[in-house]
There are 2 protein chains.
Amino acid sequence: MALFVQQGFDETTVAQIAEAAGVSQMTFFRYFPTKDAVVFDDPYDPVIADLVAAQDPGLPAMERVRLGLLGAWNSVPDAVDDATREKIRLIAGHTRLTAGIWENNRRTEDLIVEALTGTGVGRVEARVAAGACLGGLTAALLDWASEPDGQELRERMSTALDLMGESGRTARRNR
Amino acid sequence: MALFVQQGFDETTVAQIAEAAGVSQMTFFRYFPTKDAVVFDDPYDPVIADLVAAQDPGLPAMERVRLGLLGAWNSVPDAVDDATREKIRLIAGHTRLTAGIWENNRRTEDLIVEALTGTGVGRVEARVAAGACLGGLTAALLDWASEPDGQELRERMSTALDLMGESGRTARRNR
DNA sequence: GGCGAAATGTTAGAGACTAACATTTTCGCT
DNA sequence: AGCGAAAATGTTAGTCTCTAACATTTCGCC
């Protein structure tokens with residue numbers, strides 16, 4: 001990560017990383033399947049799925065996902081640490097890495113869909129709800145990384161989820 | 001594309017593609033920046049931005065994007081042709097290519113954001129609305145490609161956009 | 001100390017992509 | 001037709017990520 005930040009992601013070769021770590025290139029690839037993988041490691045998925053599943057089944061799918069995600073972000077104890085912040089910024093400034101976020105989101109999406117369909121929601125509806133919420137959330141995350149405005153990340157995530165919901169709809173109604 | 005479908009994306013080398021096309025490998029890369037680029041070529045973006053900009057500015061951002069996209073899909077004359085269908089299926093069956101969709105979506109997202117902020121919507125709100133709608137739409141597209149249920153693509157896109165809107169919310173309310 | 005297993009290393013190679021430079025093809029113009 | 005400039009294509013050599021096969025070292029445990 002230090003090398004990436006110093007000289008950029010593309011400009012850093014695996015050989016350099018390996019040398020800095022005092023191991024051979026081969027060893028690097030035994031710990032990280034790809035060079036990209038160094039930057040991606042989120043273990044939050046299961047919490048999210050549980051919280052989505054716990055929402056009132058009477059609500060529309062979109063709303064259940066939204067509230068589940070809101071709960072998940074509020075359950076993250078304190079502010080995001082600097083290392084994470086750096087990672088997100090690195091990703092946001094790199095087109096291919098940004099796209100790579102979606103390889104992670106896909107796993108989250110699948111779990112959410114599973115949680116929803118398990119309680120009677122249709123497959124398509126579940127996919128759309130999960131995709132939309134994750135899409136809005138990711139957009140907010142990337143915006144936060146590239147145009148810092150002092151807002152805390154968790155607060156930003158809340159704002160985003162609100163904007164996708166009823167309150168976001170009514171907020172602008174009488175402008 | 002024929003080669004990709006026959007033997008898979010990863011299993012097809014650009015040397016093979018070049019040979020099949022009767023050109024050198026170098027020439028291939030002069031026409032396509034990457035091997036992935038063969039699969040990605042959507043020129044629909046400008047239409048979308050225009051239609052989003054044309055929505056009633058009194059509506060919330062999320063709604064304007066939703067309706068704009070709905071209009072865009074309805075303006076695509078007739079059903080998607082087989083070649084496109086094949087491309088989508090190819091992408092949907094390949095993790096890295098699926099993530100690659102978002103390199104395209106990002107461009108679309110930027111245009112939508114531009115259209116919205118140009119009419120007074122806040123930056124974050126615009127990003128979230130665009131990200132959410134594109135997220136839901138893409139999820140529906142990928143689901144359509146991997147689990148065919150006879151529904152036409154355009155119809156599927158309409159369904160998806162409805163689910164993200166007011167109607168999607170009320171539809172399930174009295175179940 | 002010694003044995004088996006896990007971790008690490010070496011070497012060779014495939015495949016995507018780039019850069020520099022040479023060659024051919026195309027095309028407007030006389 | 002024929003000339004010359006510009007565009008398209010080719011050749012070669014190289015970098016970098018990632019893989020496979022196999023050798024070597026290190027470590028925990030008896």
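Just so we're on the same page: letters track the sequence lines, and every chain starts at 1.
When rounded to the nearest whole Å, the span between CD of B:Glu11 and P of C:dA16 equals 11 Å. The CD-C1' distance, from A:Glu19 to C:dT10, rounds to 17 Å in whole Å. B:Leu97 has its CG atom 13 Å from the P atom of C:dA16, to the nearest Å. Between the P atom of C:dA7 and the CZ atom of A:Phe29 lies a distance of 19 Å, rounded to the nearest Å. D:dC16 atom C1' lies 12 Å from atom CD1 of A:Ile17, rounded to whole Å. One can place CZ of A:Phe28 at 9 Å from P of D:dT17, the figure rounded to the nearest angstrom. Separating the CD atom of A:Gln25 from the P atom of C:dA14 is a distance of 17 Å, rounded to the nearest angstrom. Across the protein-nucleic acid pair, A:Asp10 atom CG and D:dT17 atom P stand 9 Å apart, rounded to whole Å.
We find that B:Arg96 and A:Glu103 are not joined by a salt bridge, their nearest charged nitrogen and carboxylate oxygen being 4.0 Å or further apart. The existence of a salt bridge linking B:Glu147 and A:Arg123 is confirmed by a sub-4.0 Å separation between a basic side-chain nitrogen and an acidic carboxylate oxygen.
Listed nucleotides C:dG15, C:dG9, C:dT8 differ in distance to A:Tyr31; the shortest reach to its side chain belongs to C:dT8. Among the nucleotides D:dT9, D:dT17, C:dA16, the one closest to the side chain of B:Arg30 is D:dT9. Closest approach to the A:Met26 side chain among C:dT11, D:dT11, D:dC16 is made by C:dT11 (side chain taken as heavy atoms from C-beta onward).
When all heavy atoms of B:Gly71 and B:Leu51 are compared, the closest pair comes out as C-CD1, 3.6 Å.
Taking the ring axis of A:Phe9 as reference, the NZ or CZ atom of A:Lys35 stays within 45° of it and closer than 6.0 Å to the ring centre.
Between B:Thr27 and D:dT9 there is no side-chain N or O to OP1 or OP2 distance below 4.0 Å.
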